Structures are given as C-alpha cells and as structure tokens.
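Worksheet: the structure to be examined is printed underneath.
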Amino acid sequence: MKLIDGKELAKNIRTNLKDEVEMLKSKGINPKLAVIMVGDDKASAVYVRNKSKACNELGIEYEEFLLKTETTMDELLSLIDKLNKDINIDGILLQSPIPKHLDINEAFRKIEPKKDVDGFNPVNVGKLSLNQDCFVSCTPYGIIKMLETYNVPIEGAHAVIIGRSNIVGKPLLQCLLNKNATVTICHSKTKNLEEVTKQADILIAAIGKPEFVTANMVKDGACVIDVGINRTEEGKLLGDVKFFEVSEKASCITPVPGGVGPMTIAMLMANVVKAAHYREN
Ligand code: NDP
C-alpha cells in the first residue's frame, strides 16, 4: 500500500508557487486574496487562519473582511461589489457557511468569475462542465493533482464518489469525467451502496461521517481518497474512511490529517496566482 502524502505534495506545490509569485512581483503585480467571513463559525476561523498562513508563506497579500452575524444581504453584496472593482485584489473567497438568513448562492453569483478562486460562481461551474479553462474548486482540483502525481490511472478507471455536495462531489465528478474516467456518484439515497463502492478503481469519500467507509466496501487494489474531516469529542481528527482496515486492501490511500486538506489550501494558492496572471493581459 502506498500512502498518498498530501502534506508533502502541497509543500512542493507551494514552493513552486512562491517562485511564480516572485516573478509576478518583479513585473509589479502583487497577488492579493480577499477573504470574507460572516459570523463566528469556529471551524471557519481555523480554515481562514490556515489560508492566511499559506498566503504569508508565499508572499501573497491577504486581507480579511470579518462581517458580523447580523450582516444583511445588501451589505454582503456591496462588499463583494467593492472587491470586484478593486484592481489590487485578484481573488475573492467567501468562507462558508454563512448565517442562514443570507443567500450564499446569490453571493457566489456576485463574485466576478475572474476573481472566483473557489470556483463556485455559476460561470466557473458551467465552464468546468464544458471542460473549458476556469477556476476549479480547490478540493477536487487537489484530488486530481494527487492522483496524477501518484500516477493513478484515471482514464478508463471507474471512479466512485460518495457525496454530491456542490463544493466536493459534483465538481469532482466533472473533473474526473474531463479526465475520461467512468464516474458514479452516490449519496444518502443510493441503494446497495456497498455493491457500488466495491466496483471502484478510485473510491472517493466526501460524506462527513467518521470512518464510514469500511474494508468490506472497498475492492482489492483500489485507490482510496478520504476527503472527510470529522472532529471527535476528544478533539481527534478522523476521516470518512476507516484507515487501518481499508489501507490493508487499498493500493494507495490518503491519510487524515495530511491528505486532501493541505492540497485544498495549496490549490487555492494556485488559483490566486492564476487570477493574478490575468493582470498581465
Ligand atoms: P455535505 O454534508 O455537503 O455532503 C455530504 C454528502 O454525503 C451528501 O451528498 C450526502 O447525501 C452524502 N451522504 C450522507 N450520508 C450518507 C450515507 N449514509 N450514504 C451515502 N451518502 C451519504 O458535505 P461536504 O461535501 O461539504 O463535506 C464532506 C466531508 O468533507 C466533510 O467531512 C467535510 O468536513 C470534508 N471536507 C474536507 C475538505 C478538505 O479540504 N479536506 C473540503 C471540503 C469538505 P445527500 O446529498 O443525499 O444528503
């Protein structure tokens, strides 16, 4: 069994991006990411801090906009509008979740597609489904990078994704399809889940339930990608895959932590750098 080391791979990607940032700076372009957070979700605060650290390490400018929970939709949209027009800002990221009285889809629609480094604006979602150049959302993008770097054959493989969220499952389906995999997507209403997952050459778990995927659901020699981040009451991080038993059967597997998580942040940085390149045109 080969361990897919997302932490190491993410570090290499960040090192290469650092050089690219320096090159952009030498041309007078200072890449900059703006992050909007509404309310005080604790998990979001941790994710935002990690994004800010990654920006610092790469020399990418970073500005945080912390809005109070009671923020109105108009206030949120007018901030996005202001950031869209700011020529010094390359990427705009709206950290989810946002309070329930706000419409996150309307907010994503407002973000200028060329600054939409999370790839959630419908223009980028549509372009991905048409296999056109676009911002690919960071988690699926990171998963594809891991598979490619570890030489996991995608073309012709049967990839099974458990989870159909807009941020992981659906864009990942498109990414894998664009790479010529045969893709099956499962969700909570899927019947005989185990029968489906056992057919997977590449099995991706994005469910949000600790250790949900057990060895009996996995084909011998499958590549298993664990997207899940679940914190136990004791504060331990667990993935969606029962690592120790599944790793006995898998040909390669990602750990949690140290797998998909660091790759998501590295690909966000890659998207910010891509956005900064638009200033060259
Ligand atoms: P969502 O809650 O949005 O989606 C979960 C998906 O799992 C849904 O499609 C749901 O089905 C499906 N599901 C739930 N229960 C079952 C079941 N019993 N059998 C089959 N399918 C089931 O989660 P996210 O996609 O946002 O996140 C998934 C996990 O990935 C979480 O742990 C999250 O923290 C983590 N994550 C990690 C990231 C990283 O960078 N490592 C980035 C983003 C997320 P249905 O649609 O029918 O409800």
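Bear in mind the structure is a predicted one, so any value in this text is a computation, not a measurement. For ligands, and for the atoms within them, numbers begin at 1 and follow the listed sequence. Along the sequence shown, residues are numbered consecutively beginning with 1.
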Minimum-distance protein heavy atom relative to atom 17 (C) of ligand 1: Phe212 CZ, 3.7 Å
Distance-only check: which donor-acceptor pairs under 3.5 Å involve side-chain atoms of residues 212-225, not counting sequence neighbours?
unit_1, atom_1, unit_2, atom_2, d
Thr214, OG1, Asn216, OD1, 2.5
Asn216, ND2, Glu194, OE1, 3.2
Lys219, NZ, Asp201, OD1, 2.7

the protein heavy atom lying closest to atom 4 (O) of ligand 1 turns out to be Ser165 CB, 3.9 Å
Check this for me - ligand 1, Asp240, N or O atoms closer than 3.5 angstrom, yes or no? no
Check: Asn30 main-chain N/O paired with Arg279 side-chain donor or acceptor under 3.5 Å: yes
When you look for heavy atoms under 4.0 Å from ligand 1, do you find them on the side chain of Ile162, its backbone, both, or neither? side chain
Can you tell me which portion of Thr139 lies within the under-4.0 Å heavy-atom range of ligand 1? Options are side chain, backbone, both, or neither. side chain
Output the list of atoms in ligand 1 that are nearer than 4.0 Å to some heavy atom of Asn230, sorted by atom number. 32 (O)
With the threshold set at 4.0 Å, does a side-chain nitrogen-carboxylate oxygen contact exist between Lys11 and Asp5? no
Kindly compute the distance separating CZ (Arg14) from CD (Glu57), expressed to the nearest 0.5 Å. 4.5 Å
In terms of heavy-atom contacts, does NZ of Lys249 have more than 12 from other residues, nucleotides or ligands at under 6.0 Å? yes
For atom 21 (N) of ligand 1, which protein heavy atom lies nearest, and how many Å away is it? His187 C, 3.1 Å
min-distance protein heavy atom vs atom 35 (C) of ligand 1 -> Val227 O, 3.5 Å
Lys53, NZ atom: more than 12 neighbouring heavy atoms under 6.0 Å: no
Can you check whether Gly119's main-chain N or O pairs, donor with acceptor, with Ser137's side chain at less than 3.5 Å? no
For ligand 1, note which part of Ile207 has a heavy atom under 4.0 Å away: side chain, backbone, both or neither. both
Backbone N or O of Glu63 within a donor-acceptor pair of the Lys32 side chain at under 3.5 Å? no
At less than 4.0 angstrom from any non-hydrogen atom of Ile167, what atoms of ligand 1 do you find? 26 (O), 43 (C)
Honestly, for Ile229 the part within reach of ligand 1 (heavy atoms, under 4.0 Å) is both
Does a sphere of radius 6.0 Å around CD1 in Ile87 hold more than 12 heavy atoms from other residues, nucleotides or ligands, not counting ones at 6.0 Å or beyond? no
Of the protein's non-hydrogen atoms, which lies at the shortest distance from atom 15 (N) of ligand 1, and what is that distance? Lys209 NZ, 3.2 Å
Checking heavy-atom distances from atom 11 (O) of ligand 1 to each of Ala43, Gly169, Ser188, the winner is Ser188
Starting from atom 31 (C) of ligand 1, find the nearest protein heavy-atom neighbour and note its residue, name and distance. Gly208 CA, 3.6 Å
Give the atoms of ligand 1, by number and element, whose distance to some non-hydrogen atom of Thr264 is under 4.0 Å. 39 (C), 40 (O)
Beyond-backbone contact of Phe65 with Leu79, side-chain heavy atoms, under 4.5 angstrom: yes
Between Gln174 (side chain) and Lys170 (backbone), is there a donor-acceptor pair under 3.5 Å? no
NZ/NE/NH1/NH2 to OD/OE distance under 4.0 Å, Lys85 and Asp81: yes
Would you mind checking which non-hydrogen protein atom is closest to atom 44 (C) of ligand 1, with the distance to 0.1 Å? Val168 CG2, 4.0 Å
Measure from atom 12 (C) of ligand 1 to every heavy atom in Gly163, Ser137, Cys138 and give the option owning the shortest one. Gly163
Would you tell me whether Asp240 and Asn230 have side-chain atoms, one donor and one acceptor, within less than 3.5 Å of each other? yes
Met263 and ligand 1 - part of the residue with a heavy-atom distance under 4.0 Å: neither
Quick note on ligand 1: atoms under 4.0 Å from a heavy atom of Ala206 include exactly 5 (C), 6 (C), 7 (O), 28 (C)
Looking only at distances, please establish whether an N/O atom of ligand 1 is found under 3.5 Å from an N/O atom of Arg164. yes
Does the protein come close to atom 27 (O) of ligand 1 - that is, does one of its heavy atoms sit below 4.0 Å from that atom? no
Gly261: heavy atom below 4.0 Å from ligand 1, yes or no? yes
